Participant: 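Input: one structure, supplied below.
Each residue takes its place number in the sequence, starting with 1. Atom set for the values below is all heavy atoms of this structure, side chains included, hydrogens, waters and symmetry mates excluded. Nothing here was measured: the structure is a model prediction, and the numbers come from that model. Note that ligands are numbered from 1 as they come in the structure, with each ligand's atoms numbered from 1 the same way.
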Amino acid sequence: MKNGLYGLLGEKLSHSMSPQIHSIIFEKLQKSGCYHIFEVKKADLKPAVKGLLALGARGVNVTIPYKQNVMESLDYISDEAAAIGAVNTIHFKDGAAMGYNTDYYGFKMMLDKFKVEIKGKSFAVLGSGGAAKSVVKCLEDFGAKRICMVSRNAKMAGAEFTDIEVIDYNELAGAEDMDTAINCTPCGMHPCTEESPLDEKSVQKFSCVVDLIYNPKTTMLMKQARAHGIKAVNGLYMLVGQAVKAQEIWNDVQISDGDVEDIYRRVDSMV
Ligand code: NAP
């Protein structure tokens, strides 16, 4: 196929920025590719993966709510995706569908870019969904001292995340020696921009706040943090990072730090 076929598999995708991000990356790589939006129903997920493989697609991203379900349709699952239990990138290669988790890499790229240290630091991970799983795995792999998951229902989340400390938001209020909070909840995302997962007092426990949300660019949580002189970062670099890593897998290329910066600047100006 001359123009590689790529896309995004999910349920409701009308607000996705992925087609624009990937078109910027294709331009950078000087490659021609068509990145489509594929909205599929749950019952059609397996046939959709098989169909894309049969049509000679090069790769797709997978998003909510299929990052877990899609795993049963794959021929290979990378180590990081298996450990996280979720796939957000499929590479169709040599007649096989291979699954990866590039959210994991995008998250690490974001922390590196904004100089948020992991090694020896204590983290509160807010939320217990798919994104939190990639975040926890990355924090574990890169030497976090303490990872404390914060859930509205700590008992239920604790039954799933048995290897880490799981507390609720009341317990967080009494927690000590925290460094960084990572918001892995949708709380504060457009259109609920006045919401924050943390109250003013809890925010002040941290010296850094990372919000995986990128719409709006400055969330209520970030505003609360900055009002107290606390460093605050949004999730746009992670979004760009996961797309870059997916392209590196699909096209077997290495995208330089300078090019990632340039892609990020262009995406940032679009939001
Ligand atoms: P998800 O699977 O729906 O999980 C979100 C978790 O947040 C839930 O498990 C829940 O945990 C908690 N939560 C849900 N609604 C809440 C509310 N109203 N108040 C407080 N907590 C709430 O979502 P996800 O896929 O993990 O994504 C989470 C966020 O990360 C979304 O905003 C998504 O857009 C963002 N994200 C960004 C990137 C990026 O590239 N920047 C990548 C992936 C995800 P408890 O029930 O345990 O409290």
Participant: Would you say Y214 and ligand 1 have an N/O pair spaced under 3.5 Å apart?
Facilitator: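 Y214 vs ligand 1: no N/O contact under 3.5 Å.
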Participant: Indicate yes or no: does an N/O atom of Y169 lie under 3.5 Å from an N/O atom of ligand 1?
Facilitator: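 N/O-N/O distance below 3.5 Å does not exist for this pair.
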Participant: Side chains of Y6 and N251: any donor to acceptor distance under 3.5 Å?
Facilitator: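 Distance-only check passes for N251 and Y6.
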Participant: Can you tell me which portion of I64 lies within the under-4.0 Å heavy-atom range of ligand 1? Options are side chain, backbone, both, or neither.
Facilitator: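 Side chain only.
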Participant: Between K42 and E11 (salt bridge meaning N to carboxylate O under 4.0 Å), is one present in this structure?
Facilitator: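 E11 and K42: not salt-bridged.
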Participant: Out of G127, G106, C187, who gets a non-hydrogen atom closest to atom 19 (N) of ligand 1?
Facilitator: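 Going through G127, G106, C187 one by one, C187 has the nearest heavy atom to atom 19 (N) of ligand 1.
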Participant: When only distance counts, is A157 in polar contact with ligand 1, meaning an N/O pair under 3.5 Å?
Facilitator: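 By distance alone, the answer is no.
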Participant: Any nitrogen or oxygen of E195 lying under 3.5 Å from a nitrogen or oxygen in ligand 1? Just yes or no.
Facilitator: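 No, since none of the N or O atoms of E195 sits under 3.5 Å from an N or O of ligand 1.
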Participant: With a heavy-atom distance limit of 4.0 Å, tell me whether C184 approaches ligand 1 through its side chain, its backbone, both, or neither.
Facilitator: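 Near ligand 1, C184 shows its backbone, while the atoms from C-beta on stay back.
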Participant: Does NZ or CZ of K108 lie under 6.0 Å from the centre of the six-membered ring of F142, at an angle within 45° of the ring axis?
Facilitator: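 That pair qualifies as a cation-pi contact.
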Participant: Taking N or O atoms only and a 3.5 Å limit, does V150 qualify as a polar contact for ligand 1?
Facilitator: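 Between V150 and ligand 1 (N or O atoms, distance only) the closest approach is not under 3.5 Å.
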Participant: Pick one of side chain, backbone, both or neither for how R152 approaches ligand 1, counting any non-hydrogen atom pair under 4.0 Å.
Facilitator: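 R152 to ligand 1: contacts from backbone and side chain alike.
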Participant: Hey, what's the ring geometry for Y100 with H91, parallel, tilted or perpendicular (30° and 60° as the breaks)?
Facilitator: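 Tilted.
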Participant: Evaluate L212 for polar contact with ligand 1, using N/O atom pairs at a separation under 3.5 Å.
Facilitator: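 Yes: some nitrogen or oxygen of L212 is under 3.5 Å from one in ligand 1.
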Participant: If we only consider heavy atoms of N153, is any one of them less than 4.0 Å away from an atom in ligand 1?
Facilitator: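 Contact absent.
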Participant: As an exercise, identify every atom of ligand 1 less than 4.0 angstrom from a heavy atom of G130.
Facilitator: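 Contacts of ligand 1 toward G130, numbered from 1: 2 (O), 26 (O).
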Participant: If hydrogens are left out, which of L126, V125, L239, D103 has an atom nearest to atom 40 (O) of ligand 1, that is, the closest non-hydrogen atom?
Facilitator: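 It is L239 whose heavy atom sits nearest to atom 40 (O) of ligand 1.
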Participant: Looking only at N/O atoms, are A132 and ligand 1 under 3.5 Å apart anywhere?
Facilitator: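 The answer is no, given that A132 and ligand 1 share no N or O pair closer than 3.5 Å.
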Participant: Taking both backbone and side-chain atoms of A131, is any N or O found less than 3.5 Å from an N or O belonging to ligand 1?
Facilitator: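 N/O-N/O distance below 3.5 Å exists for this pair.
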Participant: Considering only heavy atoms, which of G188, P197, S151, P65 lies nearest to atom 47 (O) of ligand 1?
Facilitator: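 Ranked by closest heavy atom to atom 47 (O) of ligand 1, first place is S151.
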